[in-house]
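In what follows, a structure is listed as structure tokens, so that the remarks can point back to it.
Quick caveat: nothing in here was measured; it's all calculated off a predicted structure.
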Amino acid sequence: MCTQKPPYDYSEQLYQRYREAFNNYINDKVLPALREHRDEVLLKELLNRWNNHKVMVRWLSRFFNYLDRYYVLRHSLHPLKDVGLLCFRDQVYADVKRNARSAVLKLIEREREGELIDKALLKNILDIFIEVGMGSMDHYERDFEEVLLSDTGSYYKRKAAEWINEDSCPEYMLKAEECLRLEEERVDNYLHASTKPKLLKEVETEVLAKYENDLLQKEHSGCAALLRDDKTEDLARMYRLFSRITKGLDPIADCFKEHVESEGMKLVKEVAEAVEAKKEKDAGKPSRDSGTSHEQQYVRQVIELHDKYLAYVSTCFANSSLFHKALKEAFEGFCNKNVAGSTSAELMANFCDNLLKKGGSEKLSDEAIEETLEKVVKLLAYISDKDLFAEFYRKRLARRLLQDKSASDDHERSILTRLKQQCGAQFTSKMEGMVTDLQLAREKQQNFDEWKQSKNKQLPIDMSVTVLTTGFWPTYKSMDLALPAEMVEGINAFKDFYEAETKHRKLTWVYTQGTAVLKGNFDPKSLELVLSTLQAATLLLFNEAEE
């Protein structure tokens, strides 16, 4: 029938009859059966008829395969399988798509309300919407997805309006998180994957974006209340939810910043009140310190506050740069305020001094000291006048080094390394020079002792000299002082040694920084006196006076 020459070639008639066979079957059997049903029964009947139709297409296209191989190719016609599918699409699908879509949407709403539905049925029906597109998603998107998204928006608009009035912020967020999870499951179970971002966007817009401000500002359960009550789990959920929407995290970051700054200002106020109360209590008494214990406690509390909210940023807010910025701005806000008449830079320098000197009030292990120093250096990032901190720190470092009050050289070098990393080499160059000077001074003292031995020089006093580089150390007043003969002899000996060893350098003696140990021979008993050089020079004059 297909290989004869015209007029005996019946390929065209067979091709037409093939199409007519489908059309007749659809009009006689399929459409009347489908028009009798509604809702879920319609969907089941439609699925049954679709499966039958596919079987019919498969077998008929095999019977007339010769048409596909020659006639269809020569005349650029639709293959037989496509003809069968087009017949179904143009007649069955076009007739029932509205009712089928309506039935599908009813089932989805029932599922959203908690009912169990036949998910396999829905998936198979939606596959029909996809397959009739013959490789294109146009029919699925136009005939089903657009209406689904509109219905979803309306459904969650109603739900969100109820929840915002009835529920607290954590309860609302739990419901929002759950409905987003269920919508994702819905896509996995029976919707096409391309629907997922569009569907979730509808939910996010209605449930989250439109009510964000109302939700965050709820009086007893909003963002400020969650921060106040340390509800870390709810804060993490809030971050997860609002990170889904554009600019959704900005109001949360602002709230976080306000809360942290408020907590910091409370600390500033508390220490100011405590210092003021102490001054009133100690009025008229000689003051041994100026509220140091309260100020030390303030720095400790600021460190704890920073630890707490840095942990919030890493755990609740997924290390978001937006929240790191909010934390930075909050700490900058109160760390640059004057605290009980002192700057935070001075208080931090005092705190470090207390940690690093012998006999400080902070009794910590080496590991704890290292950890605390690291935290102080992190806080320094929030101080606007870092040079002021450097000046205070340098003065206290000089005192520790010159009076041999430093508890550990390792800790001193450790904090300088951290400061160098944080603020640059220029920031710590003088401080590093001071520490190096002390090491060189010890070596020079050893050389001086060896020089005395080699010269058989016996001094009337034991003498130790620390040579400092002028540019590294704070400026000290130099004064002329008539020293006792014993001291003069020691100074002259050191000058001879130093000039022999070092050319083109001038020694300037700073008596105000020296210490001396004298033995006082008094009648009841002898006493050992630890004095400044000036005090010692004054007392030694009594040796020459008559009783």
Can you tell me if [atom1] on [X] sees more than 12 non-hydrogen neighbours from other groups inside 6.0 Å?
| X | atom1 | value |
| --- | --- | --- |
| Gln446 | CD | no |
| Glu115 | CD | yes |
| Glu162 | CD | yes |
| Glu233 | CD | no |
| Lys308 | NZ | yes |
| Lys218 | NZ | yes |
| Lys231 | NZ | no |
| Glu178 | CD | yes |

Where do [X] and [Y] come nearest, in terms of heavy atoms and distance?
| X | Y | value |
| --- | --- | --- |
| Cys255 | Leu227 | O-CD1, 3.9 Å |
| Phe389 | Ala349 | CE1-N, 3.6 Å |
| Leu322 | Asp250 | CD2-OD1, 3.5 Å |

Interatomic spacing from [atom1] in [X] to [atom2] in [Y] - rounded to 0.5 Å:
| X | Y | atom1 | atom2 | result |
| --- | --- | --- | --- | --- |
| Ser262 | Lys257 | OG | NZ | 13.0 Å |
| Leu373 | Ile415 | CG | CD1 | 4.5 Å |
| Leu402 | Leu468 | CG | CG | 5.5 Å |
| Ser102 | Phe144 | OG | CZ | 11.0 Å |

Query - Glu177/Tyr172 under side chain to side chain donor-acceptor pair (under 3.5 Å): CA gap, chis, key distance, verdict - result: CA-CA 9 Å; Glu177 191 172 52; Tyr172 185 101; over 6 Å; no
Would the [X] and [Y] ring centres measure less than 6.0 Å apart?
| X | Y | answer |
| --- | --- | --- |
| Phe331 | Phe334 | yes |
| Tyr382 | His306 | yes |
| Tyr309 | Tyr312 | yes |

So, are [X] and [Y] salt-bridged, with charged N and O less than 4.0 Å apart?
| X | Y | value |
| --- | --- | --- |
| Arg394 | Glu391 | yes |
| Arg237 | Asp234 | yes |
| Glu329 | Lys325 | yes |
| Asp353 | Arg400 | yes |
| Glu185 | Arg181 | yes |
| Glu332 | Lys328 | yes |
| Lys420 | Glu432 | yes |
| Glu206 | Lys210 | yes |
| Arg418 | Glu370 | yes |
| Glu184 | Arg244 | yes |

Query - Residue of the set Lys198, His192, Lys196 for which side-chain hydrogen bond (donor to acceptor under 3.5 Å, both in side chains) holds with Ser194 - result: His192
Query raised in the report: Are Thr515 and Leu531 close enough, and set up right, to give a side-chain contact (heavy atoms from CB on, under 4.5 Å), and what steps lead you there?
Result: CA-CA 6 Å; Thr515 56; Leu531 307 163; over 6 Å; no
Query raised in the report: Where do Cys179 and Val203 land on the side-chain contact (heavy atoms from CB on, under 4.5 Å) test, with the steps shown first?
Result: CA-CA 8 Å; Cys179 71; Val203 183; 3.8 Å; yes
Among side-chain atoms of [X] and [Y], is any donor-acceptor pair under 3.5 angstrom?
| X | Y | answer |
| --- | --- | --- |
| Arg158 | Ser154 | no |
| Asn319 | Ser314 | no |
| Thr152 | Arg112 | yes |

Requested in this report: Flag this pair as yes if the NZ/CZ of Arg300 is under 6.0 angstrom from the six-membered ring centre of Phe351 and inside a 45 degree cone about the axis; otherwise no.
Outcome: no
Query raised in the report: Under the ring-ring contact (aromatic ring centres under 6.0 Å, His included) test, which residues partner Phe317, sequence neighbours left out?
Result: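 ring-ring contact (aromatic ring centres under 6.0 Å, His included) check on Phe317 returns Phe256, Phe323.
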Student check: side-chain heavy atoms of [X] and [Y] closer than 4.5 Å:
| X | Y | value |
| --- | --- | --- |
| Pro170 | Leu226 | yes |
| Val376 | Leu380 | no |
| Ile130 | His139 | no |
| Leu440 | Lys444 | no |
| Val435 | Arg413 | yes |
| Met348 | Thr343 | no |

Query raised in the report: Given Leu215, which of Pro251, Cys169, Ser168 fulfils the side-chain contact (heavy atoms from CB on, under 4.5 Å) condition?
Result: Cys169
Requested in this report: Determine, stepwise, if the pair Glu204 / Tyr156 fulfils side chain to side chain donor-acceptor pair (under 3.5 Å).
Outcome: CA-CA 9 Å; Glu204 289 158 8; Tyr156 282 108; over 6 Å; no
Query raised in the report: Do any pairs count as a ring pair (Phe, Tyr, Trp, His ring centres under 6.0 Å) and have a residue in residues 417-448, sequence neighbours left out, and if so which ones?
Result: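 Applying ring pair (Phe, Tyr, Trp, His ring centres under 6.0 Å) to every pair that reaches into residues 417-448, excluding sequence neighbours, yields Phe448-Phe494, Phe448-Phe497.
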Report task. Let me see the working for Arg110 and Leu116 under side-chain contact (heavy atoms from CB on, under 4.5 Å), right down to the final yes or no. Result -> CA-CA 8 Å; Arg110 279 168 53 192; Leu116 289 175; over 6 Å; no
